[in-house]
Structure formats: C-alpha cells, structure tokens
Amino acid sequence: MKPIARTFSQILVLLAFSIIGFSACNKEPVTEEAKLTYAPEVPPPITRKNPAKVIINLETQEVVGKLADGVEYTFWTFGGTVPGPFIRIREGDDVEFNLHNHPSSKMPHNIDLHAVTGQGGGAGASLTVPGRSSKFSFKAINAGLYIYHCATSPVGMHIANGMYGLIFVEPQEGLPKVDKEYYIVQSEFYTNGKHGAPGLQGFNMEKALTETPDYVVFNGSVGSLTDNKALKAKVGETVRLFVGNGGPNLLSSFHVIGEIFDNVYTEGGTVANQKNVQTTLVPAGGSAIVDFKVEVPSTLILVDHSIFRTFNKGSLGMLKVEGEENKSIYSGKQEDTVYLPEGSAIQRMKTESVDAPQAKTKAEKIEIGERVFNTNCSACHMKEGQGVPNVFPPLAKSDYLNANKERAIGILLKGLTGEITVNGQKYNNVMPHLELSDDDIANVLTYVYNKWENKGYEVSIEEVKKNKK
Ligand SMILES: [Cu+2]
C-alpha cells in the first residue's frame with residue numbers, strides 16, 4: 001500500500017471509531033412517540049435495550065356510540081373509544097404525558113395512571129378543561145400492567161361513562177414471547193332504561209350507587225368480541241390476554257370456557273406466579289395477564305363467571321381457534337343414545353299420555369295440553385306464558401307463535417336456536433328438543449293457542465305427523 005493511501009485509510013478508521021465512541025458515550029436517551037393501539041390490539045413488544053424518553057399524546061372526547069344493538073350511550077372516552085388506547089412503555093422510561101381535551105367536550109377531564117408514582121397518579125397535573133392541553137412527566141419506575149382512568153369529580157361518573165384503559169410497563173427483560181397478544185377491559189354501564197331498552201340511554205346514578213348495572217361488557221359494548229369481531233388464533237399458538245377491569249364497581253371472575261390458563265400474572269404483576277388456573281379475579285381498577293396455548297380448534301368463550309352477567313348483561317367474548325382436530329385431546333360427541341331410567345318423572349308422564357285415551361274434542365286437548373305445558377314448558381316460558389325478558393320469549397299474545405302454526409309445530413319437533421323477534425323484542429337463545437309424543441305436541445299447542453288471547457287454533461296429530469316429513 002502506498003503511504004498516501006495508508007494514511008487515508010487510517011483516517012477513515014479513526015473517523016469510524018470516533019463516531020462509534022461518540023454515540024457510545026452519548027447518554028442522551030432516544031426520544032420516541034408511544035404507539036397506541038385500540039382494543040383488542042396490543043402494540044408489539046418493546047425490543048430496545050435502554051430506557052427512552054417516550055412522548056404520549058392522548059385526547060379526551062365525549063362521543064355517542066353503540067352500547068348494544070339498538071342502544072346508544074354518550075361515552076366519555078380517552079381517544080374516542082372504550083376502553084381507551086393500550087399504551088406500552090418500558091420500565092425505566094421517562095414519559096412525557098400530554099392530555100388534550102377536545103374543544104367539543106362539555107366536561108373537564110384528567111388522567112390517573114396507576115403506573116405513575118406521584119400525586120394522584122397525574123390526576124391534578126393533568127386536569128384539563130375543553131379545548132386545552134396539559135403536560136406532565138413521570139419515570140416508569142415499576143413494571144406491570146396498570147389501569148388508567150379519569151379522576152375528575154364526580155370520579156365514579158367519569159369512570160362509569162367509559163374513561164379507562166390499560167398501560168403496560170414492560171419489564172426490562174420483557175415477557176416470554178407468545179404468538180398473539182390481545183387487549184380486553186371489562187366494565188359496567190348503568191342506564192336509565194333496562195337492559196335492551198332501545199335508543200340513547202342516560203347514566204343512572206341510583207343504579208350506580210346500588211351497584212346494579214344493566215350492562216356488564218368487554219371492550220365497551222355488547223358483542224364487541226363476538227362473531228366476526230371474535231379474537232383469532234391457530235391451533236398450536238400461544239395467546240396472551242392483557243385483561244383490565246374498569247369497574248367502576250364489580251369484580252370480574254375472568255374465565256375462558258374451554259381453556260385453562262397456563263400462566264397467570266395475578267393482579268397484573270410481572271411474575272407468572274400461578275400455573276393451571278381456571279378463573280382469575282380481576283379487581284375493579286386492576287388487571288391480570290394470562291397466557292395459554294390453544295391445542296384444539298374451538299370457539300373459546302370469554303366470560304365473567306358471575307354468569308348472569310355473561311348471558312344477560314353482555315360480558316361474553318369469543319376467541320376462535322382454527323386448525324387441525326386432535327381427537328386424543330378432545331373427541332367431540334362420540335355417542336348420543338336414549339337414556340330413560342325406570343320410573344323417572346318424564347317417563348311416567350310419557351306413559352300416561354300414551355296410555356291415556358286420545359283426546360277427541362278440542363276441550364279435551366286443551367285439558368291434557370295444560371298438563372303437558374305445566375310439566376314441560378312453564379319452567380322456561382312461565383306459568384302464564386309471559387316468558388322471561390331477554391331470555392325466554394312469551395307465548396302469551398306472541399305474534400311469532402300466532403303468525404305460523406306449521407312453524408310452531410316444527411319448533412316442538414326439533415327445538416329452536418338463532419335470533420328471532422317476538423312482539424318486537426329480539427331473542428337469541430336455545431330451546432331444546434323436548435322429545436314429546438305427537439299427541440302431546442298437538443295437545444300442548446292447542447292449549448297454548450287457546451290461552452292468553454292467542455288465536456284459538458286447534459292442532460291435530462295429523463298436522464304434527466305431516467310436519468315431521
Ligand atoms: Cu373525565
């Protein structure tokens with residue numbers, strides 16, 4: 001190498017070293033804006049190995065949105081949704097928090113992040129009237145999964161109207177890698193009208209005080225995680241759920257029907273301190289992290305196992321797992337055979353009606369039909385056929401029943417599932433196949449049609465037999 005060339009290359013090497021040296025000594029942390037995601041999405045795990053200065057921008061908005069089918073509510077929100085966005089930062093980060101209150105808001109709002117060590121979790125420092133912004137900073141000293149919520153007076157009302165979300169302070173070493181991560185927050189709504197009452201519903205303070213919500217939901221509305229909005233995973237994948245509870249009042253007994261949590265980070269701490277758990281408690285203003293591997297295809301049902309909340313107030317979500325069956329882990333139904341022990345009440349009833357002389361007149365049908373009704377139908381449809389709101393449709397003055405005799409016979413022959421509308425109310429439930437004799441079907445329907453201002457039809461055994469084909 002010629003001297004001049006060598007000198008040149010030496011200069012280059014020196015230059016390179018000095019750049020590396022400069023950036024290594026330069027302790028100024030990187031600055032980045034936090035990526036926020038809307039439920040059920042979770043921002044990707046943080047891969048950087050050093051603390052950063054993280055800037056968070058969050059806007060409070062008051063918006064009218066869907067609480068359930070046909071039911072609207074004026075939500076007070078972080079970021080325009082319930083729950084607010086998922087915030088992911090790293091232990092040791094310096095966070096600059098900017099809260100903007102949209103000019104169209106009617107209320108002042110603020111934020112109490114449970115991840116903050118300091119007065120009110122930031123509440124006082126972030127109190128912001130409509131059309132203004134507030135800024136404060138904190139160091140994320142403690143890792144963990146934390147609720148954030150509005151803490152403006154009256155606090156309960158701001159929370160009840162939807163002002164909460166989750167912030168995850170990732171431990172320095174991160175969490176074990178999984179294939180899918182999802183964001184779920186349970187909360188309650190207290191409306192002036194009963195569950196399902198249509199239209200724009202106002203907040204009901206009385207019900208909030210007595211802790212009797214009309215809605216208990218995941219991610220801000222009934223059906224936010226069902227059917228085509230269900231969470232998804234493939235057989236063999238590992239799934240992590242970041243679960244929060246905004247309350248404002250109820251504890252959640254969080255359970256996934258058809259799965260077992262392999263790991264639970266109880267109360268949103270950073271230690272997977274329990275394995276093989278069925279149901280974990282998520283306190284109001286608290287959280288939990290669960291992960292599990294999905295081994296077989298199925299639709300897993302996410303519930304609050306305080307089960308009336310799930311089937312009558314809305315806290316039901318789905319995780320659809322697709323992939324290959326594994327019959328050694330789960331077989332599915334292998335047999336379906338008749339089980340009729342001697343002397344059971346049902347059998348007695350059946351033999352009676354088989355032995356009993358066939359009803360000849362309409363009056364006889366109604367008389368026998370009443371007995372069949374009281375034994376087989378009244379438990380669900382109630383003694384006076386009035387049904388149970390939202391669960392069992394009425395048979396009394398039922399437009400659905402009266403509109404179509406053939407269809408009614410079909411229901412008793414086969415059972416009924418799927419959404420139906422009876423007297424303007426929607427029902428989506430399961431009526432089992434009751435295994436009644438043709439006689440009994442004719443009798444019970446004749447009875448029902450001749451009670452409670454129904455149309456007075458008579459149903460014959462021949463019609464039942466014809467319908468069977
Ligand atoms: Cu607020």
Side-chain angles (χ1 to χ4, degrees), residues 34 36-39 56-67 72-87 95-116 118-138 146-167 183 185-192 200-209 211 213-221 224 244-250 283-287:
L36 309 183
T37 59
Y38 289 101
I56 297 173
N57 282 292
L58 201 53
E59 185 187 53
T60 55
Q61 301 170 16
E62 297 161 13
V63 295
V64 175
K66 184 180 134 180
L67 178 56
E72 294 194 311
Y73 193 84
T74 304
F75 296 100
W76 298 354
T77 73
F78 290 104
T81 58
V82 180
F86 193 104
I87 306 172
V95 181
E96 174 191 305
F97 203 102
N98 299 285
L99 190 71
H100 314 285
N101 191 353
H102 195 275
S104 66
S105 295
K106 297 198 173 60
M107 297 287 156
H109 298 294
N110 65 7
I111 191 163
D112 167 357
L113 299 125
H114 291 183
V116 168
Q119 181 65 50
S126 60
L127 185 63
T128 310
V129 298
R132 293 195 62 88
S133 299
S134 300
K135 171 164 129 179
F136 70 100
S137 296
F138 69 96
Y146 299 95
I147 280 276
Y148 64 79
H149 63 85
C150 184
T152 306
S153 178
V155 178
M157 190 171 167
H158 284 251
I159 297 178
N161 283 342
M163 300 196 78
Y164 38 77
L166 284 177
I167 176 168
Y183 170 28
V185 175
Q186 179 174 323
S187 62
E188 319 104 53
F189 287 90
Y190 302 84
T191 53
N192 281 330
L200 182 62
Q201 291 294 325
F203 166 71
N204 187 299
M205 190 62 163
E206 187 107 348
K207 291 180 184 172
L209 287 171
E211 305 188 6
D214 304 280
Y215 296 88
V216 181
V217 297
F218 294 131
N219 290 353
S221 65
S224 68
N245 185 357
N249 290 317
L250 303 183
S287 69

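Counting convention: from 1, in listed order, for ligands and their atoms alike. What's counted below: heavy atoms across the whole structure, side chains too, no hydrogens, waters or symmetry copies. Along the sequence shown, residues are numbered consecutively beginning with 1.
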Salt bridge (charged side-chain N to carboxylate O under 4.0 Å, His left out) partners of D214, counting only residues at least two apart: K207
State whether a side-chain donor-acceptor pair under 3.5 Å links [X] with [Y].
X    : Y    : result
E59  : N57  : no
Y183 : T37  : no
H149 : H158 : no

Using side-chain contact (heavy atoms from CB on, under 4.5 Å) as the criterion, list what pairs up with Q119, not counting sequence neighbours. none
What pairs with S133 under side chain to side chain donor-acceptor pair (under 3.5 Å), at least two apart in sequence or on another chain? H100
Below 2.8 Å of the Cu ion (ligand 1), tally up the protein N/O/S atoms for me. 4
